J.: 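This structure is in structure tokens; I'll ask about it shortly.
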Amino acid sequence: VQLQASGGGLLQAGGSLRLSCAGSGLTFGSYAMGWFRQAPGKEREFVASIGWSGSRTFYADSVKGRFAISRDNAKNWVYLQMNNLKPEDTAVYYCAAKTDLSGYYTNDYYYTDFRYWGQGTQVTVSS
């Protein structure tokens, strides 16, 4: 399984950015996909996740209303649209995958224990 994240960059507060993650080596539509981030000196934290069909999405409180996760199962892509970015959003962003065979898991399932990880993409937001 390979996950390739891209789209990071340097921008000013209030700006927007879209991260993309391409998946290969997996049956993409059978996996929940997630985005996590790690800021310098901090632990990695959950940002957003999406169930296999795209109908279930989950967000960290810190990004609700500003970020939107989506996926394209036909092309094996997952996206994270980030709007109204703040300096505290500065971090390395990682995409991740875990199986989602039934779609009937409780919500907690979509926040932790992702099995596959991609390399990170740096997002830097200046004030």
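Just so you know, residue 1 is the first one in the sequence shown, and it goes up from there. What you are looking at is a predicted structure, and each value in this text was computed from that prediction instead of being measured.
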J.: Could you report the tightest heavy-atom contact between Ala13 and Pro87, atom names first, then the distance?
T.: CB-CD, 4.0 Å

J.: Quick check on ring pair (Phe, Tyr, Trp, His ring centres under 6.0 Å): which of Tyr111, Phe67, Tyr105 does Phe58 satisfy it with?
T.: Tyr111

J.: Search all heavy atoms of Leu3 against all heavy atoms of Cys95 and return the closest pair with its distance.
T.: CB-SG, 3.6 Å

J.: Taking the side chain as every heavy atom from C-beta outward, state whether Arg18 and Ser20 have any pair of such atoms under 4.5 Å apart.
T.: yes

J.: Testing the basics here: between Thr90 and Val125, what is the closest heavy-atom pair and its distance to 0.1 Å?
T.: OG1-N, 2.9 Å

J.: Using a strict 4.0 Å threshold on nitrogen-to-oxygen distance, state whether Asp89 and Arg66 make a salt bridge.
T.: yes

J.: Can you tell me how far the CZ atom of Arg71 sits from the OH atom of Tyr31, to the nearest 0.5 Å?
T.: 11.0 Å

J.: Could you tell me whether the side chain of Val47 reaches within less than 4.5 Å of the side chain of Tyr93, counting heavy atoms only?
T.: yes

J.: For Leu26 and Ala97, which heavy atoms make the closest approach, and how far apart are they?
T.: CD1-CB, 4.2 Å

J.: Got a salt bridge between Lys64 and Asp61, using NZ or NE/NH1/NH2 to carboxylate O under 4.0 Å?
T.: yes

J.: List the steps and the verdict of side chain to side chain contact (heavy atoms under 4.5 Å, CB included) for Trp77 and Ser70.
T.: CA-CA 9 Å; Trp77 284 90; Ser70 61; over 6 Å; no

J.: Would you name the heavy atoms of Gly29 and Trp52 that are closest together and state the gap between them?
T.: O-CB, 3.1 Å

J.: Mind checking the OG-CG spacing from Ser53 to Asn73? Nearest 0.5 Å is all I need.
T.: 8.0 Å

J.: Enter the distance from Ser30:OG to Asp100:CG here, rounded to the nearest 0.5 Å.
T.: 8.5 Å

J.: Kindly say whether Ile69 contributes a backbone atom to a donor-acceptor pair with the side chain of Tyr59 at under 3.5 angstrom?
T.: yes

J.: With respect to Arg37, which candidate in Thr121, Val123, Leu80, Val63 satisfies the side chain to side chain contact (heavy atoms under 4.5 Å, CB included) definition?
T.: Val63

J.: Look at the side-chain heavy atoms of Ile, Leu, Val, Met, Phe, Trp and Tyr, link any pair under 4.5 Å apart, and say whether Leu19 and Val92 land in one connected group.
T.: no

J.: Is there a side-chain contact between Asp108 and Tyr110 (heavy atoms, below 4.5 Å)?
T.: no

J.: Within the structure provided, determine whether Trp35 and Val78 are in side-chain contact (heavy-atom separation under 4.5 Å).
T.: yes

J.: Is the distance between the ring centroids of Trp117 and Phe36 less than 6.0 Å?
T.: yes

J.: Are there more than 12 heavy atoms of other residues, nucleotides or ligands under 6.0 Å from atom CD of Gln2?
T.: no

J.: Would you say Lys98 and Asp113 make side-chain contact, with heavy atoms under 4.5 Å?
T.: yes

J.: Taking the side chain as everything from C-beta on, heavy atoms only, tell me whether Tyr116 gets closer than 4.5 Å to Thr99.
T.: no

J.: To check you understand the geometry: which heavy-atom pair defines the closest contact between Tyr94 and Gly118, and what is its length?
T.: CD2-O, 3.4 Å

J.: Does any non-hydrogen side-chain atom of Gln4 lie less than 4.5 Å from one of Cys21?
T.: no

J.: With the side chain counted from C-beta on, respond yes when Met33 and Phe28 share a heavy-atom pair under 4.5 Å apart, and no when they do not.
T.: yes

